[in-house]
Structures are given as structure tokens and as C-alpha cells.
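Each remark here refers to the structure printed beneath this line.
We number each residue from 1, following the sequence as shown.
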Amino acid sequence: MAPSHAPRPAPAAALASLLLPCLLALLLRLAAVLNPDPDAAVPRVKAAVPLPLRFRHDGAFKILQVADMHFGNGAATRCRDVAPDGGGARCSDLNTTRFLRRVIEAERPDLIAFTGDNIFGGSATDAAESLLRAISPAMEYKVPWAAILGNHDQESTMTREELMTFMSLMDYSVSQVNPPGFLVHGFGNYHIGIHGPFGSEFVNTSLFNLYFLDSGDREVVNGVKTYGWIRESQLDWLRATSLELQKTMLAPALAFFHIPIPEVRGLWYSSFKGQYQEGVACSSVNSGVLGTLVSMGDVKAVFLGHDHLNDFCGNLNGIWFCYGGGFGYHAYGRPHWPRRARVIYTELKKGKKSWMEVESIQTWKLLDDEKLSKIDEQVLWRRSTTL
């Protein structure tokens with residue numbers, strides 16, 4: 001008996017069986033486009049700022065330094081070290097947010113520099129959510145901002161690398177994880193150049209340079225716990241970057257990092273401006289940061305965080321070292337000593353036809369009091385015949 005064979009499908013039926021799944025997938029995708037699920041996650045593009053950053057048409061550039069926000073979980077996170085008349089039990093992270101909005105509205109900065117301990121890892125349930133809340137006023141006002149890490153940011157749910165990557169992708173951020181082409185220690189080492197205003201002959205030239213550095217968190221040296229420090233690979237990058245920039249323009253520069261260097265302790269014996277109210281909590285390792293900055297020649301001032309009760313500026317070998325002062329309400333502070341922010345104001349020299357090079361760098365502080373008091377104004381640098 002001859003074996004039986006199943007009938008072969010007609011060519012048209014075979015083609016239909018192949019096309020039907022594709023057609024069904026196309027219809028499903030079309031349905032999703034025409035009637036999207038409101039609960040579905042939608043990819044979005046980062047809201048970016050026009051780059052490069054540049055001086056305003058009036059020849060000025062203003063930086064707002066925000067040091068040690070120590071943001072936690074918002075309204076659920078209580079304040080520390082505030083007087084009863086300062087809010088008491090009702091005081092929370094929202095006071096930090098309110099203060100940041102006040103100074104943005106009052107000063108209208110061109111850049112905000114968040115100099116570490118932006119969130120307090122031990123209190124932040126979700127690091128990404130905490131960062132979004134902490135930085136939200138900068139994004140709401142569409143102000144460019146740059147951030148570095150302190151010693152507490154990574155104590156929640158994200159590593160230091162993840163934190164810097166996340167911040168670099170947030171709206172209006174000009175933060176970077178690390179410089180391209182260099183293998184450096186840590187995360188958050190980068191340079192930002194501030195170009196001349198439109199209409200000036202320096203429209204394509206950086207007239208003012210900002211260096212951001214990762215000063216680490218905690219380390220153990222010879223069995224003893226200490227704070228982090230800036231490493232040799234970072235200083236190598238800093239020297240190389242400064243040298244390259246100065247080939248084009250002898251422009252002044254500022255540096256921002258969180259943990260002070262050991263030499264800052266000695267400013268107690270100098271004529272500093274501001275309050276020196278607690279010991280300088282630095283690393284036991286002196287890695288030669290001051291010597292590097294002096295040899296570079298372009299850095300005129302360094303801006304620090306970490307020690308919340310210090311807000312002074314003091315001069316070391318021709319370079320000013322300035323604390324931001326404690327900004328955040330969940331950070332330790334002192335009752336009846338208002339939280340504060342630092343402003344850095346840079347002006348260009350007016351030429352016959354257009355703006356020229358940087359003429360002066362000034363600074364002052366704003367207190368979170370009823371009047372948003374402005375205190376301790378000083379000139380950090382003024383151009384002479386040499387840089």
C-alpha cells in the first residue's frame with residue numbers, strides 16, 4: 001500500500017501564513033501610536049543648554065555655588081540644627097528647595113555649581129529621586145548647572161560613577177563624568193570654558209576656565225580612616241589641560257572640589273574674610289594640589305564645601321580658597337546661623353568696540369534670612385599687566 005502524504009498548502013495560503021504575523025505586528029504598533037498607553041514609559045531627550053557657555057551681553061558671568069545640600073526624601077526629611085523660630089518640626093528638605101529658588105530668582109546666575117554632598121546618602125531612599133528633587137529648581141528655571149561629588153552622595157543606591165553619569169544626563173546639566181582621552185581617578189573631573197559674548201572678537205575663545213575635580217570620599221591609610229584626596233592622575237590631567245588652554249589665551253580660571261586640602265588649616269593664622277568656626281576636615285594625605293595650582297598660574301580661586309560652619313576666604317600662595325558655607329537644611333549647621341550660598345561674579349574689560357578679556361572676579365554670600373542678606377563682598381582678583 002502506497003504511503004499517504006499530507007496535502008501541500010497552496011502558494012497563496014503559504015504566503016498568507018508568512019505575512020499574517022507581520023501584518024498583526026504592524027497593526028499592533030499602529031494601534032499603540034494612535035492610542036498610546038498613558039501609563040507607558042516614554043523616552044525623552046535631555047533638555048540641553050546652548051554650548052559653549054558664554055559671557056552675557058553686558059560683559060558679566062555669574063556663578064552660584066551651592067555647597068552641601070544634603071538632600072534626603074523631601075518633605076519627609078527633617079532639618080538639623082535649626083532654631084524653633086526657624087521652622088522647628090515643620091522644617092524639611094523643602095526649606096532647602098525654597099532657599100535655592102530664592103537665590104536663583106534674586107541673582108539670576110548664568111551657572112550653578114553644586115560642590116558635593118548634594119544628597120545625603122544615609123537619608124535618601126532612592127538616590128536618583130533625591131537628586132531630581134534636589135536639583136529641580138535649577139531645571140525649572142532652565143539654568144545651566146555643573147556638579148561634583150562629596151563624601152556622602154554615594155551612600156544611597158548609586159555608585160559614584162552612576163551618580164555622575166545620571167547627573168550628566170539631567171536637564172540643563174553641563175556636568176561630565178570624566179575628560180575624554182584621559183584615564184583619571186574618580187568621577188567628575190572636567191573643564192568648562194566660558195567664551196566671549198556674541199559680537200565680541202572672543203566669541204570663539206574661552207576667556208574664563210572652570211576646573212571641576214573629584215576629591216573622593218573616605219579612605220584608609222596605614223590602617224587609619226581619613227578623607228579622600230585628589231590623585232596624581234587628576235593633577236596630570238589638570239596640568240595638561242591648563243597648558244593647552246594657555247596656548248590660546250592667558251585666561252584666569254577657578255577650581256571647584258569638595259574636600260579641602262591640608263594647607264587650608266593654616267588659614268586660621270591669616271587674615272581670612274568670613275567665619276572659621278570648625279576644624280578643617282581634610283585628608284591626612286597631601287598630594288601636592290596647592291603646588292600644582294601655583295605652578296599652573298591660571299587658577300585664581302578654589303571653591304570648597306564639606307565643612308558647613310566655615311564660609312571664609314583665605315589666600316594661600318596667591319590663590320584664594322573659599323568655602324561655600326552650609327546650604328542645605330538637612331545638613332548639620334548651627335541654630336541662628338543662617339544657611340548660605342556663595343556668588344562668584346566675573347566681569348570683562350570694555351574695549352573701544354567690544355568686550356575684551358576678564359577684568360575682575362568678585363564674590364559675596366547670601367543668607368537665607370528674611371532679607372536674603374548679602375555679606376562679605378570682596379574682590380578675589382583684578383587684572384594687572386600680567387595674568
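- Other residues sharing a hydrophobic cluster with W229 under the 4.5 Å side-chain heavy-atom criterion for ILVMFWY residues are V221, V285.
- For the atom pair Q154 CD and R218 CZ, the distance stands at 9.0 Å (nearest 0.5 Å).
- Distance check, rounded to the nearest 0.5 Å: CG of L304 to CG of N310 gives 10.0 Å.
- Cluster membership for L243 and L293, using ILVMFWY side-chain heavy atoms within less than 4.5 angstrom, is not shared.
- The hydrophobic clustering, which links ILVMFWY residues whose side-chain heavy atoms are closer than 4.5 Å, places I192 and V49 together.
- Scanning both residues, P262 and S283, for their nearest heavy atoms gives CG-O, 3.7 Å.
- Every ring pair (Phe, Tyr, Trp, His ring centres under 6.0 Å) that F256 has, sequence neighbours left out, goes to F212, F303.
- Pairing each heavy atom of S175 with each of A147, the nearest pair is OG-N, 3.0 Å.
- In this structure, S200 and R54 have side chains that are not in contact, with every pair of non-hydrogen atoms separated by 4.5 Å or more.
- Applying the 6.0 Å contact sphere to CZ of F198 captures no more than 12 heavy atoms from other residues, nucleotides or ligands.
- K371 NZ: 12 or fewer foreign heavy atoms inside a 6.0 Å radius.
- Counting only distance, with no hydrogens or angles, the side chain of E278 and the backbone of H308 share a donor-acceptor pair below 3.5 Å.
- At a threshold of 4.5 Å between side-chain heavy atoms, the hydrophobic network of Ile, Leu, Val, Met, Phe, Trp and Tyr places W337 and F99 in two separate groups.
- Of the possible donor and acceptor atoms, none in the side chain of N189 sits under 3.5 Å from a partner among the backbone N and O of P179.
- The shortest side-chain heavy-atom distance between D217 and L149 does not fall under the 4.5 Å cut-off.
- Taking the charged nitrogens against the carboxylate oxygens, K365 and D376 do have a contact shorter than 4.0 Å, which makes a salt bridge.
- V103 and L94 fall into different hydrophobic clusters, where Ile, Leu, Val, Met, Phe, Trp and Tyr residues are linked whenever their side-chain heavy atoms come under 4.5 Å apart, directly or through other members.
- Considering only heavy atoms from C-beta on, N95 stays 4.5 Å or farther from V82 through its side chain.
- Between G74 and S92 the shortest heavy-atom distance is O-CB, 3.8 Å.
- Between W364 and E107 the shortest side-chain heavy-atom distance falls below 4.5 Å.
- Screening residues 175-190 for salt bridge (Lys or Arg N to Asp or Glu O under 4.0 Å), with sequence neighbours left out, gives no hits.
- Counting non-hydrogen atoms of neighbouring residues, nucleotides and ligands closer than 6.0 angstrom, the NZ atom of K350 exceeds 12 such neighbours.
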Distance-only criterion, 3.5 Å: show the donor-acceptor pairs between side-chain atoms of residues 126-133 and protein atoms not counting sequence neighbours.
from	atom 1	to	atom 2	distance (Å)
D126	OD1	A128	N	3.1
D126	OD1	E129	N	2.8
E129	OE2	R133	NE	3.3
S130	OG	F71	O	3.3
S130	OG	G72	O	2.9
R133	NH1	N73	O	2.5

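- With a 4.5 Å cut-off on side-chain heavy atoms, F114 and V66 count as touching.
- Counting heavy atoms from C-beta on, the side chains of V343 and K62 come closer than 4.5 Å.
- Side-chain atoms of Q277 and D307 include no donor-acceptor pair closer than 3.5 Å.
- Without hydrogens or angle criteria, R160 side chain to G188 main chain gives no donor-acceptor distance under 3.5 Å.
- Side chain of S168 to backbone of V177: no donor-acceptor contact under 3.5 angstrom is found.
- S242 and Q246 form a side-chain donor-acceptor contact under 3.5 Å, judged by distance and modelled atom types alone.
- In this structure, Y227 belongs to a hydrophobic cluster whose other members, linked by side-chain heavy atoms under 4.5 Å apart, are I259.
- Here the CG atom belonging to L111 is positioned 6.0 Å from the CG atom belonging to L53, to the nearest 0.5 angstrom.
- Contact between P260 and G305 at its shortest, heavy atoms only, is CD-O, 4.3 Å.
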Q) side chain to side chain contact (heavy atoms under 4.5 Å, CB included) between Y332 and D68: does it pass, once the steps are laid out? A) CA-CA 9 Å; Y332 74 84; D68 297 272; over 6 Å; no
Q: Let me see the working for F257 and Q234 under side chain to side chain contact (heavy atoms under 4.5 Å, CB included), right down to the final yes or no.
A: CA-CA 12 Å; F257 49 87; Q234 296 167 276; over 6 Å; no
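- Separation of atoms CG (N209) and NZ (K300) is listed at 11.5 Å; rounding is to 0.5 Å.
- Smallest separation of non-hydrogen atoms from S173 and K46: O-NZ, 2.9 Å.
- If you chain together ILVMFWY residues whose side-chain heavy atoms come under 4.5 Å of each other, L367 ends up grouped with I375.
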**Q.** F327 and R339: CA distance, side-chain angles, deciding distance, side chain to side chain contact (heavy atoms under 4.5 Å, CB included) verdict
**A.** CA-CA 5 Å; F327 188 98; R339 265 53 175 188; 5.6 Å; no
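- The two residues D214 and I230 have their closest heavy-atom pair at O-CG1, 4.0 Å.
- Proximity of M164 to Q176: side-chain heavy atoms (C-beta onward) are nowhere separated by under 4.5 Å.
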Q. Under the salt bridge (charged side-chain N to carboxylate O under 4.0 Å, His left out) criterion, do R382 and E347 qualify, and how do the steps go?
A. CA-CA 10 Å; R382 191 177 296 278; E347 288 185 299; over 6 Å; no
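- The backbone N or O of D311 sits less than 3.5 Å from a side-chain atom of R342, completing a donor-acceptor pair.
- Using cut-offs of 30° and 60° for the angle between ring planes, the F61 and F208 rings count as perpendicular.
- Using a distance-only test at 3.5 Å, with no hydrogens or angles considered, a donor-acceptor pair links the side chain of H330 to the main chain of R78.
- The backbone N or O of A253 sits nowhere less than 3.5 Å from a side-chain atom of D298 that would complete a donor-acceptor pair.
- Within the 3.5 Å criterion, the main-chain N or O of T115 finds a donor-acceptor partner in the side chain of H258.
- With hydrogens and angles left out, the side-chain atoms of Q275 and Y323 include no donor and acceptor closer than 3.5 Å.
- Side-chain N or O atoms of W381 include none that pairs as donor or acceptor with a backbone N or O of I319 at under 3.5 Å.
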Q: Determine, stepwise, if the pair N118 / M167 fulfils side chain to side chain contact (heavy atoms under 4.5 Å, CB included).
A: CA-CA 11 Å; N118 311 302; M167 288 193 291; 4.3 Å; yes
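- No more than 12 heavy atoms of other residues, nucleotides or ligands shown are found within 6.0 angstrom of CZ on R90.
- Of the inter-residue distances, the one linking F272 atom CZ with L267 atom CG reads 8.5 Å to the nearest 0.5 angstrom.
- Taken to the nearest 0.5 Å, the NE2 atom of H70 stands 10.5 Å off from the CD1 atom of I119.
- Side-chain contact between L380 and Q378 is present, with heavy atoms from C-beta onward closer than 4.5 Å.
- Linking Ile, Leu, Val, Met, Phe, Trp and Tyr residues whenever their side-chain heavy atoms come within less than 4.5 Å leaves F187 and L169 in two separate clusters.
- The backbone N or O of V358 sits less than 3.5 Å from a side-chain atom of R383, completing a donor-acceptor pair.
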